[in-house]
Every structure is written in structure tokens, then in C-alpha cells.
Participant: 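Just dropping this structure here.
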Amino acid sequence: MLGRPPRPGPVSRRGWPRPPSPPSVEAVTGAVTNDEVAAALTELADLTSIGGGDAFKARAYEKAARAVGGHRVEVATLDAKQLQQIPGVGKAIAEKIIEFCRSGTFPALEKQRAAVPEGLRHLVRIPGLGPKRALVLYQELGVTSVDELQAAVDAGRLDDLPGFGAKTAENLRHGVQVLRSSAGRVHIDVATAAAERIVGVLSEVPGCVRCAYAGSLRRSRETVGDVDVLAASTNPEPLMRALKAMPDVADVIGSGAKKTSIRTTAGLQVDLRVVPPESWGAALQYFTGSKAHNVRLRTIAVHAGLKLSEYGLFDGGTDELIGSRTEEELYRRLGLAWVAPPLREDRGEIEAAQEDRLPVLVTEGDIRGDLHTHTDLTDGVAPLEEMVRAAAARGYAYLAVTDHAPNLSMQRMTTEKMLAQREQVRRLDRVHRRMRLLHGTELNIDPDGAVDWDEEVLAGFDLCVASVHSHFDQPRAAMTRRLIRACENPYVHVIGHPSTRMLGRRDAVDADWEAVFQAAARTGTALEINSSPERLDLGDALVLAARAAGVKFAVNTDAHATAHLDNLRYGVGTAQRGWLTADDVINTWTLRRLQSFLRRKSANT
DNA sequence: GCCGTTTTCGGCCCGACTGTTTTCAGTCG
């Protein structure tokens, strides 16, 4: 299918996670998750487009992958007929899914894997490099990995390649850097899923007194390099054995009496430490970090004539144990209130804990509704009724449906479709007595800061989110003006994913954030904390700055499927890292207070 | 490969930007 590259040699297969083959124990026993099926279909889509296959076929696989990934029922439990009820899944894809659930792979996937070097799939993750040019690089230069691309760029081997000019080479160089800077780190949802699975298994091991994950994951960092799992037991051996025996362990990096390190098939490193039950609090505190926070704590201990380690808090002179069983005890003995893990970054939390003025952080339970969701009217995968049902099942008091507006033309939204949806929303609102449905939209902020539709149409929405979806490279002054003008629009209530960063793929836009925050605060425009694990936008540092400027926030999921509503926890984690209380977050408010905020916006500006 | 006020083929996500060309292909959202 592909032309042979001029430079023969073994194809590098290092570095990229791929579903286990032969199938894992889980796959054979039928416990294949929707995410795994979606990953296989996505891989097939990628390989198809890179291999120069039918673009529409690739798109069909992609669409099916998204639908499966967001499907509320485990597809492993469905038969062919039921599978074909999922939009985008027909006879052929249903067969592939069934075969995948049975054996962990299927013939079309294996055929593509054999035809396309695996590294090429990773090449197209470089911003600005798509399947077409990745294929050219492979066929003409034999490039099959990011490393080889970097070498080819550095050696000037792209210069003679038609269609690759100096600017392209420079863009690729920068793209490789962006990709590299995220190397080895995984998104928080992947790490959380792995950590919870492991904690679940280890907690069942006889002799396990306590088990939890610590590290940056417990602090709700946006990405994590590895997962730290902590267990308390007087008998570590069975715990170590249980971890090494888990089905998705790819290799054991090291294993001893106190610590075992493994790498999962997804390429994630997991460190398990087992401590005596009486050291639990000290160990949990120590392994949660951050390093900077712990350095401060140890300094405080030393000044008090004490010594703090992962084994406990000791008298500096006599080495007598003063405390070690719980974190609360340790902090109290050091004269501090217990500090919630997301705050432990040495960003003022030590002083606040000493003076007993730590914020009461917003929690997932405080959230009363989601203000940014999509349906299959635009690029979501679930129909309106399903999204509404799923939100109601979460016990929400309100839900805003905010499909894309016409200016994002790929979504083919029209005023007619929007008005028809509004009728549907009003009708459903009468059915769901306990949950108020708000009809909203996600407007597109154009390069000048203007948005879709005229005032008359905009005035008909209950709530408008407005977001940047293009022209990310505008100079700082223009981008700042653009965002401020969006804030000044009386119909814009929330700025969606304000920095537009994609973790590991795209940097935040360049703007004078201080000026933007002041505009948001002045105009009563909330800034979103987008809970998608690929965004988490605003990020914690900007949240801190915005809060200081008096900004209010909306922690939304931007759900494109019912399952995405569960991503809320990650947005809340970021809000906590930004020191936010429930009062800072408008979607913790009662419907009445929220509506008053929305109305005041129009009056203010 | 999916889908259908169209019933079995022919369309499917459209428009803009970028860098490269000299009229356009590739990429992105």
C-alpha cells in the first residue's frame, strides 16, 4: 500500500502505546471498555488516512470512535443489532467492534498496522503536520518517528523536498518542541482511571489497611508524569505481587520490599509504596508533595525543634515520635490547619494555614448545573433528550444547552435549526420539573472580537458562551482587544476555554491577561474553567490571577457526549488549585442568583 | 464505511489560512 522509503531498515516501534496484542486478560474476559474500542477505531482512522486510504472511510471510523467513546452503555455487552443503533455504527463497524471485544483486535486494523509504520501515527500529532505530508516524509526521506524528523530538519534534508519550504521546516521544528515538552506526561483522566483501578485492586488484598493515590494526581495537577500509589500494611509482599499481576502491566521496572514500579500498557509509570499503618499520615503527606510545600513544612518543623520525614514527626533531640497516623495530626502539631492537596504548591497556603484563613474550596458537590454542553445538532454525539436525561441523573438544578453558532461553519448551524432546538428545549423543560433547561449557544469570537448573529437573535438566548476557535496566533495586543470586546458584549455571559490551550498540543494564546481579567470583572463576564482533560482552561495559574482581579468563574464540561459530564471533577480540581470557593463559581449558585447574574450582565454593559 | 422525506447510489463538514506555488494542496477547527 505504501511506497518503500529509499532508506530501508527496521521500523522503529519504540515509544508508542498501542492496545495489547495478543489481547489482555481483560479483553478475553469481555471487560473491554468503550474507551478501548474507541481507541482502536481512532487508530484505524489514523492509519487509514495516513496510508492514503479513502478519506470518507477514515472519517466514518473517527465518527464511530467518538460515538462509542461517548456511549452510555458498555458496547462489549451489545450484539450486532444493538451496536448498529449507535449513530455512525453500521454493519461493518459493528463486526469490527464485536471482533475487537472477543480477541483484542480485528483484521482491518492488523492489515493497516502492517502497512503503516507506527511512528507515522505519532508524526501527525505534530501541530501543522497532517497525514499527507507525513506520508511524503516517510516515502521520500524514510522518516518514521519524531526523532528522525528532528534529525532530518536539522540536517536540512527537507530543503529539496517539493512543498516543504523554509517556513514549513521552522514550523515543524517548533511543533516537535511542543510535542516534546509534553513527552512522558499523561492527561489527568488517563492517570485517574489507572490510579483508581489500582487502588481498587490493592484495597482488596488481605492485609491492606489503607490504600490511596498520592503525588501530583492527588494535587489535581493538569497532567502527571507518573502515578504514586500508597498502601499501609504490615505485610507488603502480597500487595507488590498483586500490582505486578494486574493485566495491563507492560513491564516491571523494579520491585523490592518497600517499593514496586511498573509501567502500564498505556505507557504510564506507577510507583507503589507500602508503609506500616502507623506511618500512614506522614507517608501520605510526604508522597503527596509538592516538593516546595514539603520543604516549607520541614523548615517549620526544624524551627520548632522537630524533624519531619515520611515516617512521622519526631522530636529533634530525643527522636521520640510525636505524630504520624494522619495528615491532620501532622499539620496540627506544626501549628497549621490541614491543607487540601490542590493547594500544596507553596503559593501562600502555608501562611494561610498558619493564620487559619485557608479558603473553603469549591467541591464537585457544590456544582448545581453545567453551562456549556453540546448535542448532536452540532458536533456532540448524543441527542438533546439524552444529554438532558444524563444531566438530570446527576441531580442538576439547571443545564444550559449551548450548541455551536453559524460562524463556525463546519458545524452547519442555522437560525432555523437553533430556533427548532429552542422549542424542543422549552418542551423538555416542562417535562423535567426538577431541572431548569436554559437554551444557550457557544458563539464564535472572530478576530475582531465580534460574535455570531445580531442583537435581536442573541437576546433570545438564556445564556451565551463565547469562545475563540481560530486565529490563535494573533499578536498580543490584537488578541487582548478581541477578548475584551467579547467581554464587553452585553449578550456574552461566559468566555469559553479562554486561553484555548490544548494540553501537550497547543500553547495558550498570547494576551494581556491582566487586562482581560479586569474587563471580565468590570463587565460581569464569567470566565470558564473548561473541564475537558485535554484543556483544563483556564489553567490554575490564570485562575489565581483572575480571582485576584475579582472575576467570577463557570466550571463547565463542554460535554460532547453524556459521559463527558463526568469530567466535571477535573475542572473542579483546577478550580481548587486556583483557590476558588463556591461563591466564586456561578454554577454553584441557585438558579435565581444565576439568572440575576445573567440579567445584570446586559444591564451593566 | 455510513446513511437515506432520496431506497441502493452518491453524497458525506465548510471555509479560511498558510506556505507554497503561479493556481493550489495541506491543515485546521
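Naming convention: chains lettered A, B, ... in sequence-line order (proteins, then strands); numbering from 1 in each chain.
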Participant: Between dA16(B) and dT20(B), how far apart are the two P atoms, rounded to whole Å?
Facilitator: 22 Å
Participant: Distances under 3.5 Å only, N/O to N/O: pair up the protein atoms with those of nucleotides 4-10 of chain B.
Facilitator:
none

Participant: Does OP1 or OP2 of dT20(B) have a side-chain N or O of Thr168(A) closer than 4.0 Å?
Facilitator: yes
Participant: Do NZ/NE/NH1/NH2 and the carboxylate oxygens of Arg102(A) and Glu99(A) come within less than 4.0 Å?
Facilitator: yes
Participant: Classify the nucleic acid contact of Asn171(A) as base, sugar-phosphate or nothing, counting any heavy atom under 4.0 Å across all strands shown.
Facilitator: sugar-phosphate
Participant: Strictly by side chain to side chain donor-acceptor pair (under 3.5 Å), give each pair with a member in residues 476-486 of chain A just once, sequence neighbours left out.
Facilitator: Gln474(A)-Arg482(A), Arg476(A)-Asp510(A)
Participant: How far does the C1' atom of dT22(B) sit from the matching atom of dG29(B), given to the nearest Å?
Facilitator: 28 Å
Participant: For Ala92(A), give me all partners under side chain to side chain contact (heavy atoms under 4.5 Å, CB included), at least two apart in sequence or on another chain.
Facilitator: Lys96(A)
Participant: Could you give the distance from CZ (Arg121(A)) to CG (Asp46(A)), rounded to the nearest 0.5 Å?
Facilitator: 4.5 Å
Participant: How many Å lie between CG on Asp376(A) and P on dC3(B), as a whole number?
Facilitator: 13 Å
Participant: For Glu62(A) and Ala94(A), find the nucleotide of DNA chain B closest to each by heavy atoms; which residue's nucleotide sits nearer the 5' end?
Facilitator: Ala94(A)
Participant: In whole Å, what separates the C1' atom of dT7(B) from that of dG26(B)?
Facilitator: 36 Å
Participant: Between Lys91(A) and Glu95(A), is there a side-chain N and carboxylate O pair less than 4.0 Å apart?
Facilitator: yes
Participant: Sort and list the pairs that fulfil salt bridge (Lys or Arg N to Asp or Glu O under 4.0 Å) and have at least one residue in residues 491-502 of chain A, not counting sequence neighbours.
Facilitator: Glu222(A)-Arg501(A)
Participant: Which residues satisfy the salt bridge (charged side-chain N to carboxylate O under 4.0 Å, His left out) test with Arg577(A), sequence neighbours excluded?
Facilitator: Glu345(A), Asp540(A)
Participant: Between dA25(B) and dT21(B), how far apart are the two C1' atoms, rounded to whole Å?
Facilitator: 10 Å
Participant: Please measure how far the C1' atom in dC12(B) lies from the corresponding atom in dT6(B), and state the result in whole Å.
Facilitator: 14 Å
Participant: What's the CG-P distance between Asp473(A) and dA16(B), to the nearest Å?
Facilitator: 18 Å
Participant: Looking at dC14(B), dT20(B), dG1(B), which one has an atom nearest to any side-chain atom of Arg412(A)?
Facilitator: dC14(B)
Participant: Please state how far atom CG in Leu172(A) lies from atom C1' in dT18(B), giving the value in whole angstrom units.
Facilitator: 13 Å
Participant: Taking atom P in both dC13(B) and dG4(B), what distance in whole Å separates the two?
Facilitator: 12 Å
Participant: Measure from OH on Tyr61(A) to P on dC3(B) and round the result to the nearest Å.
Facilitator: 14 Å
Participant: Without placing hydrogens or testing angles, list every side-chain donor-acceptor pair under 3.5 Å for residues 459-472 of chain A, not counting sequence neighbours.
Facilitator:
residue: Asp462(A); atom: OD1; partner: Arg426(A); partner atom: NH2; Å: 3.4
residue: Asp462(A); atom: OD2; partner: Arg426(A); partner atom: NH1; Å: 2.9
residue: Asp462(A); atom: OD2; partner: Arg426(A); partner atom: NH2; Å: 3.4
residue: Asp462(A); atom: OD2; partner: His439(A); partner atom: N; Å: 2.6
residue: Ser467(A); atom: OG; partner: Glu442(A); partner atom: OE2; Å: 2.7
residue: His469(A); atom: ND1; partner: Asn444(A); partner atom: OD1; Å: 2.8
residue: His469(A); atom: NE2; partner: Glu442(A); partner atom: OE2; Å: 3.1

Participant: Hey, is the side chain of Lys96(A) poking within less than 4.0 Å of OP1 or OP2 on dG1(B), counting only N and O atoms?
Facilitator: yes
Participant: What is the nucleic acid contact for Lys57(A), judged by heavy atoms within less than 4.0 Å: base, sugar-phosphate only, or nothing?
Facilitator: base
Participant: I need the CG-P distance between Leu44(A) and dC2(B), as an integer number of Å.
Facilitator: 11 Å
Participant: Using a cut-off of 4.0 Å between protein heavy atoms and nucleotide atoms, how would you tag nucleotides 21-29 of chain B 5' to 3' with B, S and -?
Facilitator: S----SSSB
Participant: Nearest whole Å is fine: how far is dC13(B) C1' from Leu377(A) CG?
Facilitator: 14 Å
Participant: Can you tell me which residue pairs pass the salt bridge (Lys or Arg N to Asp or Glu O under 4.0 Å) test with a partner in residues 176-187 of chain A, sequence neighbours excluded?
Facilitator: Asp147(A)-Arg180(A)
Participant: Using whole Å, report how far CZ of Arg59(A) lies from P of dC3(B).
Facilitator: 15 Å
Participant: Would you be so kind as to tabulate the donor-acceptor pairs closer than 3.5 Å made by side chains of residues 554-563 of chain A, with sequence neighbours excluded?
Facilitator:
residue: Asn556(A); atom: OD1; partner: Leu371(A); partner atom: N; Å: 3.1
residue: Asn556(A); atom: ND2; partner: Glu528(A); partner atom: OE2; Å: 2.9
residue: Thr557(A); atom: OG1; partner: Asp370(A); partner atom: OD2; Å: 2.6
residue: Thr557(A); atom: OG1; partner: Ala559(A); partner atom: N; Å: 3.2
residue: Asp558(A); atom: OD1; partner: His372(A); partner atom: NE2; Å: 3.0
residue: Asp558(A); atom: OD1; partner: His374(A); partner atom: NE2; Å: 3.1
residue: Asp558(A); atom: OD2; partner: Asn530(A); partner atom: ND2; Å: 3.1
residue: His560(A); atom: ND1; partner: Asp558(A); partner atom: O; Å: 2.8
residue: His560(A); atom: NE2; partner: Asp379(A); partner atom: OD1; Å: 3.2
residue: His560(A); atom: NE2; partner: Asp379(A); partner atom: OD2; Å: 3.2

Participant: Determine the Euclidean distance between corresponding P atoms of dT18(B) and dG11(B); express it in Å to zero decimal places.
Facilitator: 32 Å
Participant: Please determine, for dT8(B), whether a Watson-Crick or G-U wobble partner exists with both distances under 3.5 Å, and give it or none.
Facilitator: none
Participant: May I have the distance from Lys63(A) (atom NZ) to dC3(B) (atom P), rounded to whole angstrom?
Facilitator: 6 Å
Participant: Salt bridge or not for Arg59(A) and Glu62(A), using N-O below 4.0 Å?
Facilitator: no
Participant: Stacking here means centres under 5.5 Å and planes under 30°; does Phe56(A) stack on dC2(B)?
Facilitator: no
Participant: Using a 4.0 Å heavy-atom cut-off across all strands, classify Lys91(A) as base, sugar-phosphate, or nothing.
Facilitator: sugar-phosphate
Participant: Could you check whether Ala64(A) gets within reach of a base, just the sugar-phosphate, or nothing at all, counting any heavy atom under 4.0 Å?
Facilitator: nothing
